[in-house]
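Not measured: the values here are computed from a predicted model. Protein chains get the first letters and strands the later ones, always in sequence-line order, with residue 1 at the start of each.
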2 protein chains.
Amino acid sequence: MATPANPPGDGTRATLAQVAARAGVSASTASLAFSGAGPVADETRERVLAAARELDYGGPDPRARSLRTGRSGIIAVVMEDRIRVAFRDPMVVTLLDGIADEIGNAGYSLLLLTDSLERAEGGLRDAPMDAALLLGCSTDLDPAVRVLSQRQVPLIGVEAEPRQGLPMVDIDNRAGMRRLAEHLAELGHERVAVITLPMDRDHTRGPLTQVWQDSSVAYTGLERLSGVRDVFPDAPAEVAAGSLIEEGLIAARALLDAEPGLTAIVGQSDLLALGAIQAVEERGLRVPEDISVAGFDGARIDGLSRHRLTTVVQPSVEKGRAAARLALAALAGEPVENVAFTTELRIGDTTAPPGPA
Amino acid sequence: MATPANPPGDGTRATLAQVAARAGVSASTASLAFSGAGPVADETRERVLAAARELDYGGPDPRARSLRTGRSGIIAVVMEDRIRVAFRDPMVVTLLDGIADEIGNAGYSLLLLTDSLERAEGGLRDAPMDAALLLGCSTDLDPAVRVLSQRQVPLIGVEAEPRQGLPMVDIDNRAGMRRLAEHLAELGHERVAVITLPMDRDHTRGPLTQVWQDSSVAYTGLERLSGVRDVFPDAPAEVAAGSLIEEGLIAARALLDAEPGLTAIVGQSDLLALGAIQAVEERGLRVPEDISVAGFDGARIDGLSRHRLTTVVQPSVEKGRAAARLALAALAGEPVENVAFTTELRIGDTTAPPGPA
DNA sequence: TCCATCGATCGAATCGATTCGACACCCGAG
DNA sequence: CTCGGGTGTCGAATCGATTCGATCGATGGA
């Protein structure tokens, strides 16, 4: 205590070895004192911690630790879109929340990556990570998958296209949509149209063409479409440029123009459906009396609408948790298996029997 | 090519040394071949890369690299709330987008941390990072600041309470709100009320009391309040439990009940203001004819309202970029100085002279 | 013809911890 | 009195790269 410690703020961090020296113990013992692994006398531990305090030592360097242990304590989430875009979708946010919570409880932190920018350095190629979760429904993640599996990073997919050797978390998109479609059919609807999620990376709008259906870039969107067409084989579909209210509005306008006899519109997400409601109402029509509208997700969207949307509820937070658990299992060397959640039809007040028109 | 390389998928990553050996060069040369620093003959580089391919080597291990170089390539963002909550605020999302974009361009990745959980391991205490950005307006981040400065991690604050030695990015909350209040005064308003951001960590609702104002837990909220009170010294204020539409709705109902003569409501965020509009309209009153409503942020909130909200626009993405640049500057050893952005009043159609009532 | 220079490569030290095996010591049981 | 079994501590090896200085030819100008 007489000798002045490291001049505070001299820029050079103290090392464990220095702390150990000052406490009069070996580096190994000091390490044990910090990590708690292995037996250390209380008195010794105290001395080490005191020395650390005097030297302003902030604990073992994560870099060195991770080199030695082979673990960085980081799990990455890879998204397709940039944050501003991706996070406008409440499903992405809740999913991420589930992931963060679960890995946080296990002592891991969340690294946010967007694959979009294939920069020379940084990101996918260089960032330390113990595992990665791939978000998104398109095959656009292919390059990311390649880079990361080359790095031998364990990968988990969420709503990704099924792919050899990629464990996944998914929901029954098709069955859920089929149940919704059946609900509409039972109400008596015959002319039903769909607003789909984006079908290509360019986020092109327009009527869904055969080309898109074949190229199968957007797995989730096509699955949900199939669910509706299981019941209404000829249901027309309009592709939106994003899962957003205003996109739903745009797409619904197009549908209302192109399909005169329409009695119901199904959005592939709740936001799209809300946009559709706006489109219907701006024409002076009523929901559900004149046109029924339904969505998908069960998003809790606050204050957006007077209606309680009929929708297919998916357990988004749980999906995130499950994906995180899969990653943790992979890290623990346990076997990982695909996880599938089921959805549930929630009937609100936006669907009703078709009007007399 | 005759000798079989590492059995693919044997679980053990090849090392740079093995690659070097196979290519018949030293490890140093192999390192140079990968990093591009230093002169390497083309032919040699080719041989190294070929060997890497044969051994299925995915590039230098980030853990080892970061130990040696002292850089992890990670910049952390520390938030107060959990993701699900924080990301409902569009300002947080755009801010984060700016940050991610800027640090991404510099080859860094973004680590998302919430300080809330002071777990024994993981997170603030253990995660590798080269710098950290602190988001949020309360002094609740104190423990986080302590832990991180002990670790000698360079810190940058965003909308944080001014604090000794913490470089910051901020906006002129008070001046912006003052200008908005002046706009209302010019229109002839005299009875103006405010809906404030949460004032304590518990997110307590209710009329703003002196206790809250003194404890000064919510820097941004108090600044914005001062701006209004510069013009309307006695403006009553209702504290919301979050920057959400439904919270604005709740708070505005309380204000409308408690303050009969009210002619204008100022929300401290656009979401709060939108809630206020709903509250006004659900009483059969019109905006702006009967009651004017204004917000703060200039958030682009899609499809939420028929109105164009009068608001104070802040450059949220730029704020994020600036914070990121500050962090990068700190890492480069350059001097970092506080950055302040100015806001701009945007007059929409939700403010008008007070009604004849 | 000689020496300074540059290009290409290599050896060895280093980053800061964790961890395995060994060692000394003390206790109680036989 | 001795031996087995904990405890507490230490030494040394190790994780996988980066990087500094040295070496060695070849080149080119004087």
Length of the CG-P vector between Leu16(B) and dT14(C), whole Å = 20 Å
query = Under 4.0 Å: is that the gap between some side-chain N or O of Arg65(B) and OP1 or OP2 of dT18(D)?
reply = yes
query = Which is true for Thr44(B) with a 4.0 Å heavy-atom rule: it touches a base, it touches only sugar-phosphate, or it touches nothing?
reply = sugar-phosphate
ask   = Atom CZ of Arg13(A) and atom C1' of dT14(C): how far apart are they, to the nearest Å?
value = 17 Å
inquiry  = Regarding dT14(D), can its base be found pairing with the side chain of Arg68(A) as donor and acceptor, where the two atoms are less than 3.5 Å apart?
reply    = yes
ask   = Does the Ser149(B) side chain pair with the main chain of Val145(B), one donor and one acceptor, at a distance under 3.5 Å?
value = yes
query = In whole angstroms, how far is the P atom of dT14(C) from the CD atom of Gln18(A)?
reply = 15 Å
request  = Take atom CG of Asp61(A) and atom C1' of dT18(C), then tell me their distance rounded to the nearest Å.
outcome  = 13 Å
query = Can you check the Leu32(B) CG to dG11(C) P distance for me, whole Å?
reply = 14 Å
message = Mind checking if Phe34(A) touches a base, just sugar-phosphate, or nothing, with heavy atoms under 4.0 Å?
response = nothing
ask   = Rounded to whole angstroms, how far apart are CZ on Arg45(B) and P on dC10(C)?
value = 14 Å
query = Taking for each residue the nucleotide of DNA chain D with the nearest heavy atom, is it Ala41(A) or Thr69(B) whose nucleotide lies nearer the 5' end?
reply = Ala41(A)
inquiry  = Please pick, from dG16(C), dA17(D), dA8(C), the nucleotide with the shortest atom-to-atom distance to any side-chain atom of Pro39(B).
reply    = dA8(C)
ask   = Is any NZ, NE, NH1 or NH2 atom of the basic residue among Arg65(B) and Asp126(A) found under 4.0 Å from an Asp or Glu carboxylate oxygen of the other?
value = yes
Distance, rounded to the nearest Å, where Arg47(B) contributes CZ and dA8(C) contributes P = 13 Å
ask   = So, is Thr29(A) close to the dC10(D) phosphate, meaning a side-chain N or O under 4.0 Å from OP1 or OP2?
value = yes
query = Charged N to carboxylate O under 4.0 angstrom, Arg63(B) versus Asp130(A)?
reply = yes
request  = Could you check whether Pro60(B) gets within reach of a base, just the sugar-phosphate, or nothing at all, counting any heavy atom under 4.0 Å?
outcome  = sugar-phosphate
query = If you measure only the distance, is there a donor-acceptor pair under 3.5 Å linking the side chains of Ser28(A) and Ser31(A)?
reply = no
query = Hey, is the main chain of Met79(A) close enough, under 3.5 Å, to the side chain of Thr114(A) for a donor-acceptor pair?
reply = no
ask   = So, does the side chain of Ser28(A) form a donor-acceptor pair with the base of dG11(D) at under 3.5 Å?
value = yes
query = Asp42(B) CG to dG7(C) C1': how many Å, rounded?
reply = 12 Å
inquiry  = Of the options dT18(D), dC10(C), dT19(C), whose atoms approach the side-chain atoms of Val25(B) most closely?
reply    = dC10(C)
request  = Would you tell me if any nitrogen or oxygen in the side chain of Ser26(B) comes within less than 4.0 Å of OP1 or OP2 on dC10(C)?
outcome  = yes
message = Please determine whether a side-chain nitrogen or oxygen atom of Tyr57(A) lies at a distance below 4.0 Å from atom OP1 or OP2 of dA17(C).
response = yes
